[in-house]
There are 2 protein chains.
Amino acid sequence: MKLLPERTVERLSKYRRVLQRELDNGTDHIYSHELAKLLHITPVQVRRDIMLIGHTGTLRKGYSIDNLIKLISEIIDCSSSVQNVAIVGIGKLGQALLDYLNDSNTKLNLSAVFDNNPDKIGTSYSGTVCYSIESLKKIVEREGITIGILTVPPEFAKEVSTMMKDAGIVGIINYTPVSLKLDGTFLEEYDVITTLEKVAYFSKPKNAKLL
Amino acid sequence: MKLLPERTVERLSKYRRVLQRELDNGTDHIYSHELAKLLHITPVQVRRDIMLIGHTGTLRKGYSIDNLIKLISEIIDCSSSVQNVAIVGIGKLGQALLDYLNDSNTKLNLSAVFDNNPDKIGTSYSGTVCYSIESLKKIVEREGITIGILTVPPEFAKEVSTMMKDAGIVGIINYTPVSLKLDGTFLEEYDVITTLEKVAYFSKPKNAKLL
DNA sequence: TTTTTAATGTGATTTTTGTAACAGTTGTTA
DNA sequence: TAACAACTGTTACAAAAATCACATTAAAAA
Ligand SMILES: NC(=O)c1ccc[n+]([C@@H]2O[C@H](COP(=O)([O-])OP(=O)(O)OC[C@H]3O[C@@H](n4cnc5c(N)ncnc54)[C@H](O)[C@@H]3O)[C@@H](O)[C@H]2O)c1
Ligand SMILES: NC(=O)c1ccc[n+]([C@@H]2O[C@H](COP(=O)([O-])OP(=O)(O)OC[C@H]3O[C@@H](n4cnc5c(N)ncnc54)[C@H](O)[C@@H]3O)[C@@H](O)[C@H]2O)c1
């Protein structure tokens, strides 16, 4: 299958989550317009996404929720080889994310957290033990961790992200406000302030993007 | 001036932040390729963005950092009428965001936080007092709050977001995993799981988006 | 002074993303 | 069984975003 567009992959993640809820409620089929409504997007977008992943629905019956979930899972989680996740820097934000991920039903497996604070190392956070940042490479290799969430203070972002890459992590979400550039890794950056300032701009009356 | 593209506005926010740091270091002019390097983007992109906001640099001298910051601030913060921000739901995530925003030097003013837990109401969080969710409308009107960050449990997302809109808030960042649809407001949704699953997809070897 | 270099500003083009239109099919109803 | 309604799948089109290519010009070097 061809490489999927980023936005499609994002929506697939959301589809799966709401589909799982529908399945738990006992529904077995769903129409594109119903799925669209749950995500507040258009039915065409839904059909297009589903087309791209090569799934096909039944006319006048909709899509099989079970099949759709299985297919999306194969695409995202690669059912064969589980992808493990680590949080690096278990401060306020790291802990908030950890709790959220633990409560969620994502198929990605949160296998370790790391910090450099001696008081935190060895402690268990929501059931996950905190390792020393120095043992990063060792644990990443042992646990087969491929994805990392970076939540250390900004001044350590560059150094620690390099350590993550060198340890073999290939996908990183960077929550520090420092832009990074790491060749050979898929890097996704996020910053509330940027989002907040964007919202500020577009919610000003004269920029009425609000339709 | 014409409405700016979303991505440009996001970059403007980032430009301003790194420019402020440069200014504090005593630099007074900057070239497009230098600014580009700080954000790990291309110089053309920088020049194009700057062109769009109507600023113009000096050939062989670059852009005046001071002027650029002032202009970006006018565009984003609307220097005339200050935009005030509220956090609704001051749990783990809300507090992590609050601390981060307080430490940042954004020009947006965090003026209140809201919760429905009696133990939290009246308490001060990082210097900001927590009000009852019932007084939302009153306080929003009194303080002139226009932007809200939604961090309540998912089951209250719909109800509380409607309250926010009715209270007069026109821009919302929704961190709950529930998609919302609110006409007449600028809504921005964010979810770690979606991001994480996207990173999982694109960091798989066969999807080598990592260049 | 002349040439070269290094920067900005922008029209043209490409890439990515989303939307519209509609042909085709299946079930339903008269 | 004929007409209709409801849904999928796909092609064509449009909009948003990024990149390319290059004209232009100020300063530095020759
Ligand atoms: N993107 C966002 O929306 C957002 C929101 C809040 C915070 N942040 C950023 O996220 C980061 C964490 O914020 P926080 O509020 O959790 O901070 P925090 O200080 O509470 O947590 C940081 C943690 O990192 C640990 N740490 C420090 N140096 C380390 C190292 N070299 N290796 C491993 N661990 C190390 C600290 O011991 C601490 O536990 C900061 O960079 C902050 O600016 C981003
Ligand atoms: N998008 C993300 O990346 C991300 C990450 C973590 C959590 N979350 C989501 O953010 C939300 C908050 O997460 P958390 O870990 O901080 O949860 P939390 O339980 O720690 O905090 C929720 C807060 O909301 C308050 N609250 C409950 N009902 C309310 C109401 N009706 N009005 C006002 N306040 C109310 C609670 O008293 C509590 O203080 C949840 O929806 C969670 O799923 C999102």
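Excluded from the calculations below are hydrogen atoms, water molecules and symmetry mates; all remaining heavy atoms, backbone and side chain alike, are included. Quick note on labels: first sequence line is chain A, next is B, and so on, each numbered from 1.
Side-chain contact, A:Asn25 with A:Thr27: no donor N or O sits under 3.5 Å from an acceptor N or O. With hydrogens and angles left out, the side-chain atoms of A:Gln83 and A:Thr146 include a donor and acceptor closer than 3.5 Å.
Between the CD atom of B:Glu34 and the C1' atom of C:dA6 there is a distance of 12 Å, rounded to whole Å. Taking atom CG of residue A:Leu35 and atom C1' of nucleotide D:dT8, one finds them 14 Å apart after rounding to whole Å. Following rounding to the nearest Å, B:Tyr63 (OH) and C:dA7 (P) show an atom-to-atom distance of 12 Å. Atom NE2 in A:His55 sits about 14 Å away from atom C1' in D:dC7, given to the nearest Å. Distance, B:Leu52 CG to D:dA18 C1': 12 Å, rounded to whole Å. Atom C1' of nucleotide D:dC7 and atom NZ of A:Lys37 are separated by 17 Å, given to the nearest angstrom. Separating the CD1 atom of B:Ile53 from the P atom of C:dT10 is a distance of 13 Å, rounded to the nearest angstrom. For A:His33 and C:dT19, the NE2 to C1' distance is 19 Å, given to the nearest whole Å.
Scanning residues 3-20 of chain A for heavy-atom distances under 4.0 Å to DNA chain D yields an empty list.
Considering only residues two or more places apart in sequence or on other chains, A:Asp28 meets the salt bridge (Lys or Arg N to Asp or Glu O under 4.0 Å) condition with none of them. Scored by the side-chain hydrogen bond (donor to acceptor under 3.5 Å, both in side chains) test, A:Glu6 finds B:Lys198 as partners (sequence neighbours excluded).
The one candidate from A:Arg17, A:Arg16, A:Arg11, A:His55 that meets the side-chain contact (heavy atoms from CB on, under 4.5 Å) condition with A:Ile72 is A:Arg16.
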Show which side-chain atoms of residues 147-155 of chain A pair as donor or acceptor with protein atoms under 3.5 Å away, not counting sequence neighbours.
from     : atom 1 : to      : atom 2 : distance (Å)
A:Thr151 : OG1    : A:Val88 : O      : 3.2
A:Thr151 : OG1    : A:Gly89 : O      : 2.5

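Ring orientation note: the planes of A:Tyr175 and A:Tyr190 are nearly perpendicular, at an angle over 60° on the 30°/60° scale.
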Walk along nucleotides 19-30 of chain D from 5' to 3' and tag each nucleotide B, S or - by protein heavy-atom contact under 4.0 Å, base first, then sugar-phosphate. BB----BBB---

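The side-chain hydrogen bond (donor to acceptor under 3.5 Å, both in side chains) analysis of residues 86-101 of chain B, with sequence neighbours excluded, yields the pairs A:Asp191-B:Tyr100, B:Asp99-B:Ser126.
Regarding contacts with the backbone of C:dT8, every side-chain N or O of B:Thr56 stays at 4.0 angstrom or more from both OP1 and OP2. Residue A:Tyr31 has no polar side-chain atom (N or O) positioned under 4.0 Å from OP1 or OP2 of D:dG9.
Checking side-chain atoms of A:Asn174 against main-chain N and O of A:Val178 turns up a donor-acceptor pair under 3.5 Å.
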